[in-house]
Every structure is written in structure tokens, then in C-alpha cells.
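All remarks here apply to the structure that follows.
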Amino acid sequence: MSAPPWTIVARDDDGAVLVTVDGRGAEQARRRVALAELPSALGDDVRPVWNDTAQWYPALLDAGMTLARCRDLRLSHAILRDSALVDAPPLRAATAWDAGPSTVSGAPSPALFELDELAPGIPDRVDEVLAEFARQQAAVDGSRDPGRLRLLLAAESAGALVAAELHAAGVPWDRGVHEAILTDVLGGRPGPGSHAPRAEELATRIRELLGDPQASLDSQPKLLRALHRVGVLASSTSRWELAEHDHPVVAPLLEYKRLTRLESANGWNWLDEWAGGGRFRPVYVPGGVVTGRWASSGGGALQLPRQLRPAVRADEGWLLVVADVAQLEPRVLAAMSGDLALADAARGTDLYQGIVASGVVGTRQEAKIAVLGAMYGGTTGDSGRLVPALRRAYPRAMALVDEAARVGEEGGVVSTWLGRSAPPPPASWHRVQQRAADPDADDADRARAVRAARDRGRFTRNFVVQGTAAEWALAWLADLRGRLAALPVVPEDRRAPLSGVALGGRAHLAFFLHDEIVLHAPEEQAELAAQAVRDAADAATRLLFGTFPVDFPLDLRISRDAGKALLE
DNA sequence: AATACAAGCGCG
DNA sequence: AAAGCGCGCTTGTATT
């Protein structure tokens with residue numbers, strides 16, 4: 001199987017320029033095409049190299065085209081600029097390629113083909129794009145581990161394709177189910193200037209218990225003062241702190257907060273704005289998190305309350321394949337540290353139970369607290385008490401995160417398995433450290449420096465694990481979309497109503513959140529799609545960790561909706 | 001009136 | 001029950 005050619009895709013004053021190049025960026029052929037001709041001019045077996053997937057791919061999707069792979073230079077630049085695998089990189093100087101993420105617009109339209117629709121900042125002229133590609137290829141070729149970086153850039157770029165496809169396809173969203181949940185919990189839609197009926201009833205009771213019929217419950221300072229007046233001496237109005245006080249007002253107040261949260265964050269207004277048309281189309285931002293995780297923008301895609309998952313509901317004649325990886329991060333840690341004992345504990349479907357079975361700690365809950373403490377840098381409470389047991393049982397795994405923390409505390413740089421490095425600490429961090437080292441420094445200066453160092457250490461400790469887990473997930477997605485593209489297209493009358501989008505004819509990705517995915521699949525393809533999900537997970541594990549004996553078991557189910565209830 | 005910030009809470 | 005990491009969004013308040 002030969003790799004497809006690289007094709008630089010860039011703009012000129014009234015169209016696109018396509019340049020076929022070799023792996024070093026040397027030009028082999030060039031042609032100009034009108035933007036409207038781009039889908040047919042590109043064809044299927046091509047690997048575009050472009051400045052920014054979010055600027056090009058939505059229009060191709062609109063035209064009914066999908067791509068197998070690409071190279072996103074903006075995302076790749078960010079990786080190579082910071083990667084510790086790249087020596088003295090010419091990419092480190094600040095340039096227009098450092099532009100922040102542009103996002104796929106919420107209003108896909110032919111306007112995306114128009115020249116003035118470009119987000120400002122990211123270079124798009126052919127000379128600049130060619131030059132950047134050549135710089136990046138040279139940086140990879142001259143790096144300490146070209147193989148890993150090529151994998152990472154390919155995965156990151158495939159992720160950019162997935163993000164655009166996810167937005168185009170959307171999550172099938174059942175308005176009726178969502179409204180039924182809201183009505184059941186809140187009692188009905190709130191009128192202007194008031195809360196929903198159940199929240200208002202609670203508010204009345206709470207004000208009685210506070211002895212103040214005018215008490216404001218939505219203003220933290222006012223609520224806190226009212227609580228103090230009845231003897232609840234909390235220092236904040238946060239849920240966990242209120243729960244520690246034994247007073248009749250606490251329970252209804254916590255319930256009130258729960259209801260008003262649902263109402264404001266994912267109530268009827270959210271439904272109208274984001275999912276009214278039967279699809280929720282979050283804007284995904286690949287590479288939006290320093291660790292390499294995706295961020296999102298608009299609609300709160302990363303915060304969909306589990307309570308509302310039943311509203312994710314397949315179209316008639318379609319099914320959802322819902323899959324998530326159990327304890328992805330500790331499994332990744334076992335693999336990257338080569339810790340056979342931890343990998344052994346991870347052998348079954350429940351890593352925490354495996355740790356208990358090895359006699360490291362007594363209960364599953366303790367195992368969970370210990371593992372999270374190990375990866376997050378917990379030092380106090382149960383976490384601080386339990387982590388040492390983990391350090392004895394899994395010295396290699398713990399050495400990896402402990403070393404990452406040590407390097408971070410000293411201001412150094414850490415990297416993920418494939419070579420994404422944490423940005424170096426900012427100048428302000430170094431100033432704090434220097435001030436503490438000054439002979440005139442006082443205790444406060446030194447305390448501030450220690451705190452900043454520890455904060456940095458917890459960040460780098462977690463970075464290596466969270467970032468490598470993100471790489472596994474990207475590899476999973478990238479492999480999966482290739483498998484899905486090989487499924488047959490169903491007959492016209494069986495397709496999902498995705499106007500102008502090539503994805504509606506077969507099983508496609510509909511949602512992604514760090515370690516879980518939802519596929520939307522024609523009924524007759526659901527089993528095949530589910531097997532593709534499993535096979536892709538295995539392929540991702542082999543791609544990253546070769547033959548190292550670690551499992552990444554999936555919790556997978558096929559059902560009409562994404563609610564957990566149908567599972568049991 | 002517009003903008004910035006902090007608190008609080010949803011997700012992994 | 002949070003803790004220890006990473007996010008986005010809404011609300012109320014403070015600032016300009």
C-alpha cells in the first residue's frame with residue numbers, strides 16, 4: 001500500500017492552487033482551479049496539505065466529499081514548535097502560523113468558498129504554505145524521533161477531519177425526550193423573570209426556612225449573608241461546603257441549585273438554540289487543550305449532563321453505537337511506563353478491582369482515589385495516604401509521573417508518548433522563582449515560589465498521562481473513520497437526513513468526548529460498526545504501544561438512545 | 001452600556 | 001465528600 005501524494009492546497013486571488021509535492025516539499029506539478037471545482041479537482045486518493053482544516057474541509061463535506069487523510073499545518077506547527085523532540089527548531093520564532101484555533105462556523109454555507117471568509121491570521125498563499133510544509137518536514141526528519149512525530153501529526157490532522165465531520169453530522173437529538181426530562185424535573189418551562197415551577201416551590205420553602213421572604217437565592221453574597229443569619233456559617237455557597245452543615249435549609253437549597261443549573265445550562269433556551277433542528281452540532285476545537293485534548297466552543301459539548309443523554313436518540317431505522325474506554329489514563333500510564341504489574345492489574349475490565357485483587361489497597365474506592373491521586377498529584381487526605389501503597393506496588397508507573405512532576409517543578413519540559421511537549425513555564429513563573437532566590441526574599445516570596453513550583457509539577461505530572469491518553473483516543477478515531485469509510489453505502493431511502501453531507505449514507509461518528517464516542521448507524525450496519533469500534537481500539541493500542549501487554553477494554557452498547565438506563 | 005472577573009458546576 | 005489534572009458556560013458583581 002503506497003501512501004497518497006501530498007498536495008498543497010492554497011489560495012490565490014480568485015481561486016485555489018494545487019501543488020503536488022514530494023515528502024520534502026519539492027514541487028512536482030502545479031495547477032489552478034476555481035474554488036467550486038475543488039472537490040472534483042482534489043479527488044479521493046489525495047492527501048491535502050493545507051493551512052487549516054476548519055477553513056477548507058466543511059465546504060468539501062457540503063459538496064458530498066470526505067477525505068481519508070490530510071496534513072493540518074496550523075495544528076502541526078503548534079506541536080513541532082513546542083516538541084522537545086525537535087532541536088533548535090526554526091518553527092520556534094513567533095509567526096502567523098501561531099494563530100489560535102479557527103472554528104468551523106455554525107452556519108455552513110457556500111460562503112465558505114468565498115475569499116473573504118477566511119479567519120484572519122493563518123497564512124493561505126501558496127508560497128507561504130509550501131514554505132511552512134517544507135520547514136515542518138525538515139523539522140520532523142531532523143528530529144530525535146521522526147516516526148513518533150509523523151504518527152502524531154497524522155493523528156492530529158485526522159482529528160481535524162473528524163472534528164469537521166462531527167460538526168457536519170451532528171448528534172441526533174430528540175427534542176421530545178429532552179422536553180420530557182425537563183418537564184419531569186422542573187415542572188414546566190419558566191416564565192420570563194422567574195424559575196421553573198419546581199424551582200419556585202423550592203425557593204418559597206427555602207425563604208421560609210431562612211426567615212426572609214425576600215431572600216435572593218441567585219446572588220452568592222446575598223445568599224451567604226442569609227445563611228449566616230440562620231446560623232449556617234459556611235464560607236462559600238458551594239455544594240460540597242453546604243452539604244457539611246446540618247440545617248433544614250441545606251437539602252432544599254442543594255436541590256434548588258441542581259434544578260436552576262439544569263434550567264439555565266441545558267434548559268429550553270439551550271434546546272432552542274443548539275438542538276432545535278433534531279441535531280446538536282457542537283463546535284469541536286482539536287488541539288484546543290494544551291495536553292492535546294480537544295476543546296469545544298458553543299453549546300457546551302464537553303459538559304452535556306448525563307441526565308440528558310437519553311435525548312441523544314437515533315433516527316428511525318438507525319441505531320447508536322455508544323462506546324467508552326474504562327480507565328483510559330491509568331492504562332496509558334501502565335503502557336508508557338512499561339509497568340507490567342499495573343498492566344496486569346488492568347487485565348480485566350475494571351482496573352481498580354484489579355488493584356484490589358493484587359492486595360495493594362483494600363477497596364475499589366481506595367484504588368480509585370489512589371490512582372487519581374497518583375496522576376493528579378494528590379498529597380492530602382485519603383489520596384496522600386493511599387498513593388504510597390501504589391508507589392510500592394507499581395514503581396515504574398509511579399516513577400514516570402513522579403519524574404514528570406520533578407521536571408515540572410524545576411521549570412523543565414515534559415512530553416507525551418508521541419512527542420507533544422508542554423509549553424515551557426511563562427516568564428512570570430520564572431520571576432516568582434527568582435524573587436524567592438533573592439537574598440531579600442521574605443517568607444511570602446518563598447511560599448509563593450514553592451506553591452508555583454508544585455502547581456507546575458502537578459500540571460506536568462498530569463500532562464504526560466492526559467496527553468498520551470488523548471493520543472490514544474486520536475489514534476482510535478483516526479483508525480475508526482477509515483474502517484467506517486469502507487462500509488457500504490445504504491440505499492438512498494435508508495440514509496440519514498444530512499443535507500449535502502456525504503456522511504449520511506453509512507455509519508458515522510456523531511459524538512466524541514475524550515474517551516467515549518457515539519456512532520450513528522443504519523440498523524443493518526450497527527453490528528459491523530460496533531466491531532469496527534473494537535478493532536480500531538485494538539489497532540490504536542498496537543500503533544502506540546506495539547506488543548506491550550495492556551488491554552483497553554471498551555464498554556460498548558448498541559441501542560436507540562445514549563442513556564445509560566437501557567444498558568442494564 | 002460594555003467588559004472583566006470570580007464563583008459555581010457540568011463533563012472527562 | 002473533596003482532593004489532585006484539564007476544560008466551557010451562566011450568573012451576578014465589580015470595574016470602566
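A note on names: the letters A, B, ... follow the listed sequences, proteins ahead of strands, and every chain is numbered from 1. All heavy atoms count here, side chains included; hydrogens, waters and symmetry mates do not.
Interface limits on DNA chain C: the 5'-most and 3'-most nucleotides within less than 4.0 Å of chain A heavy atoms are C/dA2 to C/dT13.
The 5' end of DNA chain C is approached more closely, in terms of each residue's nearest nucleotide, by A/I369 than by the other of A/F459 and A/I369. The 5' end of DNA chain C is approached more closely, in terms of each residue's nearest nucleotide, by A/Q466 than by the other of A/G298 and A/Q466.
Separating the CG atom of A/N266 from the P atom of B/dG10 is a distance of 10 Å, rounded to the nearest angstrom. At whole-Å resolution of the value, CZ in A/R309 and P in B/dC11 are 7 Å apart. The distance from atom CH2 of A/W270 to atom C1' of B/dC11 is 13 Å, rounded to the nearest whole Å. A/E263 places its CD atom 16 Å from the C1' atom of B/dG10, with the value rounded to the nearest Å. Atom CG in A/L259 sits about 11 Å away from atom P in B/dG10, given to the nearest Å. We find that CG of A/L328 is positioned 15 Å from C1' of B/dC11, with the value rounded to whole Å.
Looking at heavy-atom distances under 4.0 Å, A/G299 makes contact with sugar-phosphate atoms alone, never a base. A/L304 comes within 4.0 angstrom of the backbone, heavy atoms only, and of no base. Among the atoms of the strands shown, only primed sugar atoms or phosphate atoms (P, OP1, OP2) are found under 4.0 Å from some heavy atom of A/S219. Contact annotation for A/S236: backbone-only contact, meaning every heavy-atom pair under 4.0 Å involves sugar-phosphate atoms and none involves a base. Counting any heavy atom pair closer than 4.0 Å across all strands shown, A/G381 reaches no nucleic acid atom. Across all strands, A/V465 comes closer than 4.0 Å to no nucleic acid atom at all (heavy-atom distances). In this structure, A/E244 reaches neither bases nor backbone, as no heavy-atom distance under 4.0 Å exists between it and the strands shown. Among the heavy atoms of the strands lying under 4.0 Å from A/R458 are primed sugar atoms or P, OP1, OP2 only; no base atom is included.
The pair A/E409-A/R406 does not meet the salt-bridge criterion, since no charged nitrogen lies less than 4.0 angstrom from a carboxylate oxygen.
Remark: A/R148 qualifies as a cation-pi partner of A/W417 under the 6.0 Å distance and 45° angle criteria applied to the six-membered ring.
The backbone N or O of A/V360 lies less than 3.5 Å from no partner atom in the side chain of A/S358, so there is not a single donor-acceptor pair. Between the side chain of A/R279 and the main chain of A/A275, no donor-acceptor pair closer than 3.5 Å is present. A distance-only check finds no donor-acceptor pair linking the side chain of A/R74 to the backbone of A/D52 [under 3.5 Å]. Looking at A/H245, its side chain never comes within 3.5 Å of a backbone N or O of A/H247 through a donor-acceptor pair. Of the possible donor and acceptor atoms, none in the side chain of A/S194 sits under 3.5 Å from a partner among the backbone N and O of A/P190. A/E263 places no side-chain N or O within donor-acceptor distance of the main-chain N or O of A/H195, the cut-off being under 3.5 Å.
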(request) Quick one: the dot-bracket string of DNA chain C, using Watson-Crick and G-U wobble pairs with both distances under 3.5 Å, [ ] for crossing pairs and | for bases paired to another strand. (result) ....||||||||||||
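Of the residues listed (A/D538, A/D515, A/L544, A/V325), the one engaging A/F552 in a side-chain contact (heavy atoms from CB on, under 4.5 Å) is A/V325, and it is the only one.
Considering only heavy atoms from C-beta on, A/V290 comes within 4.5 Å of A/P423 through its side chain.
Look at A/T237 and you'll find a side-chain N or O under 4.0 angstrom from OP1 or OP2 of B/dG8.
Glycosidic torsion of B/dG8 falls outside 90° of 0, placing the base in anti.
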